[in-house]
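Written below as structure tokens is the structure these notes are about.
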Amino acid sequence: MRLETRAPGKINVCLFLGPTREDGRHELVSVMQSVTLADRLRLEELDGDGDGASPDPAAFDVVDCPGVEGPNLVSTALERFRQATRWGGGPVRISIDKRLPVAAGMAGGSADAAAALRLLARASGIEDPELLHDIAVGLGADVPAQVLPGRVLATGAGEVVERIPGVTRYGVLVVPSDRQLSTPEVFQEADRLGLPRDAQGLREALDAVRAGLPDLPDALCVNELQPAALSLLPELEGTLERVRDAGADVAMVSGSGPTVLGLFHDRSAAKAARDAHFPGCKVAKPVGPHGGEVLAS
Ligand code: ATP
């Protein structure tokens, strides 16, 4: 059996930052949108020791992810899936073709983990959305929203996911950086700068966002982590300015950065801006659940 799926990256169309919870995570209010820029994942069954007769198939599972050093979130997803479901299927290899910039604020690791859960659900026949959501919550704040790609309102620390209708055509110019930013360091910098709202302030942001849904007005397309990313990488200000000058309706740092996004109401304008000013960059578009379909290969 061979299965494949895409792991669409996400953008935070808005991200309002709230106080830190007891578990150390920040509360937030964010509209997250999956986009067509995506990693590719393939799952295949392994032979040999992994013929299903092994007492511990998990010991033979393999995750290949060229370009990403160190522990991979997809390996953790695999372990947690086996633990939570007691699936005894033989060992598998999951191969990841990275197209999303790494440590760049597009939640590529989380997207890959969510995509791996979709592949495993199909491979095992255990397609239980609630169970997948619970596993996803344990993997990280950005994972639950991506188990099913699309547009969501995420609250809590990102794990309370409310699906909202898709939006009209728009284009997202994605300008990667040659630098990386660690998400925890950006949150720490936000604390150091005193950026987080108090609980009341976050409630007000939530009310304003709800009133603007599903297609947020430009004035609400705000990333409250951006000043922290700029404080750590001041050169991003220049990129934001270039994206604005190229005609973007909104220029913003993506998530915890350092990728910069240009949101264009008109996708052809995004492509024209890319061709004129950002050759080699991608123009993505919003994508819904079909962007994460699992296919036999
Ligand atoms: P987020 O917006 O969720 O913070 P990000 O886009 O900033 O994510 P990722 O690309 O998800 O960052 O990578 C963050 C870290 O996770 C990297 O330093 C990387 O080593 C590690 N990582 C683990 N698994 C993966 C994966 N499958 N793809 C990318 N990075 C991974």
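Throughout, residue positions are numbered sequentially from 1 according to the sequence presented. In each ligand, atom 1 is the first atom listed, and ligand 1 is the first ligand listed.
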Counting heavy atoms only, which of K10, K98, Q146 is nearest atom 28 (N) of ligand 1?
K98
Give a yes or no on whether atom 15 (C) of ligand 1 lies under 4.0 Å from any heavy atom of the protein.
no
What atoms of ligand 1 come closer than 4.0 angstrom to any heavy atom of M106?
6 (O)
Salt bridge R93-E44, side-chain N to carboxylate O under 4.0 Å:
yes
Is there a side-chain contact between L46 and V92 in this structure, where contact means two heavy atoms from C-beta onward sitting under 4.5 Å apart?
no
Just jot down the ligand 1 atoms closer than 4.0 angstrom to any heavy atom of S110, in number order.
3 (O)
Taken in chain and number order and not counting sequence neighbours, the residues that satisfy side-chain hydrogen bond (donor to acceptor under 3.5 Å, both in side chains) with R203 are Q200
So, is G257 polar-close to ligand 1, with some N/O to N/O distance under 3.5 Å?
no
CZ (R42) and CG (L295) are apart, to the nearest 0.5 Å, by 13.5 Å
Note: heavy atom closest to atom 11 (O) of ligand 1, options G109, A103, G105, belongs to G109
Taking only non-hydrogen atoms of G108 and a 4.0 Å limit, the atoms of ligand 1 in range are 6 (O), 10 (O), 11 (O)
Note the single closest protein heavy atom to atom 2 (O) of ligand 1, along with its residue, its atom name and the distance in Å.
A107 N, 3.4 Å
May I ask you to say whether R210 pairs ionically with E162, meaning some side-chain N is under 4.0 Å from a carboxylate O?
yes
I'd like to know if the side chain of N12 reaches the main chain of M32, judged simply by a donor and an acceptor atom lying under 3.5 Å from each other, with no hydrogens or angles considered.
no
Would you mind reporting whether Q146 and K10 have side-chain heavy atoms less than 4.5 Å apart?
yes
Using a distance threshold of 4.0 Å (strictly less than), state whether atom 31 (C) of ligand 1 has a protein heavy-atom neighbour.
yes
Closer than 4.0 Å to some heavy atom of T183 - which atoms of ligand 1 meet that?
1 (P), 4 (O), 7 (O)
Is it the case that the side chains of S231 and E189 hold a donor-acceptor pair, with the cut-off being a distance below 3.5 Å and no angle test?
yes
Kindly identify the option in L181, V63, D112 whose heavy atom sits closest to atom 27 (N) of ligand 1.
D112
Min over N72, D142, I96 of heavy-atom distance to atom 3 (O) of ligand 1 lands on D142
So, are R21 and E159 salt-bridged, with charged N and O less than 4.0 Å apart?
yes
Looking at atom 17 (C) of ligand 1, what's its closest protein heavy atom, distance included?
V102 CG1, 4.1 Å
What atoms of ligand 1 come closer than 4.0 angstrom to any heavy atom of A104?
5 (P), 6 (O), 7 (O), 12 (O)
Rounded distance [0.5 Å steps], CG in D97 versus CG in D112
10.0 Å
To which protein heavy atom is atom 24 (N) of ligand 1 closest, and what is the distance rounded to 0.1 Å?
L73 N, 3.0 Å
Check: T5 side chain, E293 main-chain N or O, donor-acceptor pair, under 3.5 Å
yes
Proximal ligand 1 atoms for E69, defined as those under 4.0 Å from one of its heavy atoms:
20 (O)
Side chain or backbone of P71 under 4.0 Å from ligand 1, or both, or neither, by non-hydrogen atoms?
backbone
Starting from atom 22 (N) of ligand 1, locate the nearest protein heavy atom and write down its residue, its atom name and how far away it is, to 0.1 Å.
V68 CG1, 4.0 Å
